[in-house]
Participant: 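Pasting a structure below so you can have a look.
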2 protein chains.
Amino acid sequence: MLPSENKYLTNVSFDTVIFGFTGEELKILVLEYQNTGLFALPGGYIRRDENLLDAAKKGIMRRTGLKTIHLEQFHTFGKLNRSNPEPSKRIAKGLGYEMPDDHWVLDRFITVGYYSLINYNEVRPTPNKFSDSINWYSINNLPPLMMDHEEIVKKALEAIRTDLGKKPIGTNLLPEKFTMKELRKVYEAILDKKLRRTTFQRKILSMDILIRHEKLYTGAANKAPYLYSFDKEKIEKL
Amino acid sequence: MLPSENKYLTNVSFDTVIFGFTGEELKILVLEYQNTGLFALPGGYIRRDENLLDAAKKGIMRRTGLKTIHLEQFHTFGKLNRSNPEPSKRIAKGLGYEMPDDHWVLDRFITVGYYSLINYNEVRPTPNKFSDSINWYSINNLPPLMMDHEEIVKKALEAIRTDLGKKPIGTNLLPEKFTMKELRKVYEAILDKKLRRTTFQRKILSMDILIRHEKLYTGAANKAPYLYSFDKEKIEKL
DNA sequence: TTATATTGTATCAATTTGATACAATAATGC
DNA sequence: GCATTATTGTATCAAATTGATACAATATAA
């Protein structure tokens, strides 16, 4: 097959690290292939007629059931030894195919890494036709991932940690309205360290990107916290 | 030709933004193709038997004559409309070839962007067999670049500006020993704004990454500044 | 020897951050 | 009702950082 006869670009793929927040810890979506014991990040190939970013978005929307999604590209992985036809062969075999050795998906791939921060509770993890299951796993307790996918997760974590200082990252991890404590928990989960309650509150409020709403009465025997939402207009202007 | 018979990966390339510092302003290396009026960033393809990063390094070492080089990956460009066979055809024509329409270099490419900060004075810009010339251009006065190369330069600049806060970036732009003023000029050129002399000096010195050497007597009628070098051991530990 | 431009550092004010304190609740139990 | 309890929102003051200015210490020229 000539390269240009392939519906997809050859030698390039994307992989995504999709973060969700349970209220206590960060989790990522990991899929498992049928009859292989192989765990992988959701990823895919780029059609010749679509943008790289759109290809990644489409893939993630299918895996999560979400209709809008924000992706951030963080790194491209191109080591020679990251490509390995064995997993793909095992995946095909697990599905009952026998893949010819010269099949384009067994060739070497350079993969573009994207991360996404999404609302844990709005997601419906959806397996694709090759995978048994797709599930949330705590970033502190991942199954062994195939190829270099563990390195990809590590880089994604580094990326959101540095991006946290620049952009208000909580926007997509939390529901529309949230309390200051929930927002702080997001930051703590991402940075993996406790933050001072009062300093955090002062600093976030002084950024002037939150809108204060009504109070949230949970039934707990204490002062009710205010609900906040992000002021998207002001965030745009940053 | 089957994809796997090609010495290079298909559909993937790299492009590099090579920054040098004249003492006053930032420049980048831009090459011009023979008989076409086309200007482009130095870039290339990845051999099937080499790492992505090594491919980029090798390319830059050839273009600059440098024996060691540090590259930072900053973004991967994958828009559908960034690919355009016309420039490559014109380049081939300029060299006297006629390229068949199904040649792999005329196919769509996703390109990985790297930047490098190098010592302006140590470089011997070296054209390749396709290009007429390779020259330094001020980032404020670039020729029109082909395809999306202007966007690539813009992204590279954003990247070094944010990286400047994290890593001591001047290391490669300056000679081994330099004055505080020279270092400040580097920061000013990258950030495109003036910095307070005294605050800059205090902040850099408090980072404890510089070694102070002898004074530099230039012949000017004023107090001679100290020379400094980067303390590479301490920088490693950051 | 004096004049001049520049460097290195001190000084003090202004701002930001860290640490602590405390008043204001929203239930609960009596 | 009313004291109790956990948590929230904000004030307060100290500590650290940064901004702005001042000034002494040169290296050369005149």
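So you know, we letter chains A, B, ... as the sequences are listed, proteins then strands, and number each from 1.
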Participant: How many whole angstroms separate atom CG of Leu227(A) from atom C1' of dG9(D)?
Facilitator: 15 Å
Participant: Are Tyr115(A) and Leu157(A) close enough that some pair of their side-chain heavy atoms sits under 4.5 Å apart?
Facilitator: no
Participant: For Tyr228(A) and Lys203(B), take the nucleotide of DNA chain D holding the closest heavy atom to each; which residue's nucleotide lies nearer the 5' end?
Facilitator: Tyr228(A)
Participant: Any pair with a residue in residues 220-232 of chain B that passes salt bridge (charged side-chain N to carboxylate O under 4.0 Å, His left out), sequence neighbours left out, goes on the list, sorted by first then second residue, please.
Facilitator: Glu176(B)-Lys232(B), Asp231(B)-Lys234(B)
Participant: Rounding to a whole Å, what distance do you find between Ile204(A):CD1 and dG9(D):P?
Facilitator: 13 Å
Participant: I need the NE2-P distance between His213(A) and dG9(D), as an integer number of Å.
Facilitator: 14 Å
Participant: Could you state the atom-to-atom distance from OH of Tyr226(A) to C1' of dT7(D) in whole Å?
Facilitator: 14 Å
Participant: Kindly write out the residues that satisfy side chain to side chain contact (heavy atoms under 4.5 Å, CB included) with Leu142(A), not counting sequence neighbours, or none if the list is empty.
Facilitator: Ile28(A), Val30(A), Tyr137(A), Leu145(A), Val153(A)
Participant: Rounded off to whole Å, could you give me the CG-to-P distance for the Leu183(A) and dG9(D) pair?
Facilitator: 12 Å
Participant: Taking side-chain hydrogen bond (donor to acceptor under 3.5 Å, both in side chains) as the definition, give me every residue that meets it alongside Thr22(B), ordered by chain and number, with sequence neighbours left out.
Facilitator: none
Participant: Return the value, rounded to whole Å, for the distance between atom CE of Met180(B) and atom P of dG8(C).
Facilitator: 7 Å
Participant: According to salt bridge (charged side-chain N to carboxylate O under 4.0 Å, His left out), does anything in residues 133-148 of chain A pair up with another residue at least two apart or in another chain? List the pairs.
Facilitator: Arg82(A)-Asp148(A)
Participant: Name every residue in residues 186-193 of chain A that has at least one heavy atom under 4.0 Å from any atom of DNA chain D, in order of residue number, or write none if there are no such residues.
Facilitator: none
Participant: Using the closest heavy atom to pick a nucleotide of DNA chain C for each, name whichever of Ser206(A) or Pro225(B) lands nearer the 5' end.
Facilitator: Pro225(B)
Participant: So which atom in Ile46(A) and which in Glu50(A) form the shortest heavy-atom distance, rounded to 0.1 Å?
Facilitator: CG2-O, 3.7 Å
Participant: Grab the CD-P distance between Glu182(B) and dT7(C) for me, whole Å please.
Facilitator: 10 Å
Participant: Give the rounded distance in Å between these two atoms: CZ of Phe200(B) and P of dT9(C).
Facilitator: 14 Å
Participant: Scan nucleotides 19-29 of chain C nucleotide by nucleotide, 5' to 3', and note B when protein non-hydrogen atoms come under 4.0 Å of the base, S if they reach only the sugar-phosphate, - if neither.
Facilitator: SBB--BBBB--
Participant: Could you tell me whether Arg212(B) contacts a base, only the sugar-phosphate backbone, or nothing, with contacts defined as non-hydrogen atoms closer than 4.0 Å?
Facilitator: sugar-phosphate
Participant: Which residues pass the ring-ring contact (aromatic ring centres under 6.0 Å, His included) test with Phe39(A), sequence neighbours left out?
Facilitator: none
Participant: Which donor-acceptor pairs under 3.5 Å do the side chains of residues 65-80 of chain B make with protein atoms, sequence neighbours left out?
Facilitator:
| from | atom 1 | to | atom 2 | distance (Å) |
| --- | --- | --- | --- | --- |
| His70(B) | NE2 | Glu72(B) | OE2 | 2.9 |
| Thr76(B) | OG1 | Thr76(A) | OG1 | 2.5 |

Participant: Once ring pair (Phe, Tyr, Trp, His ring centres under 6.0 Å) is applied, what residue pairs with a partner in residues 154-203 of chain B remain, sequence neighbours excluded?
Facilitator: Phe178(B)-Phe230(B), Tyr187(B)-Phe200(B)
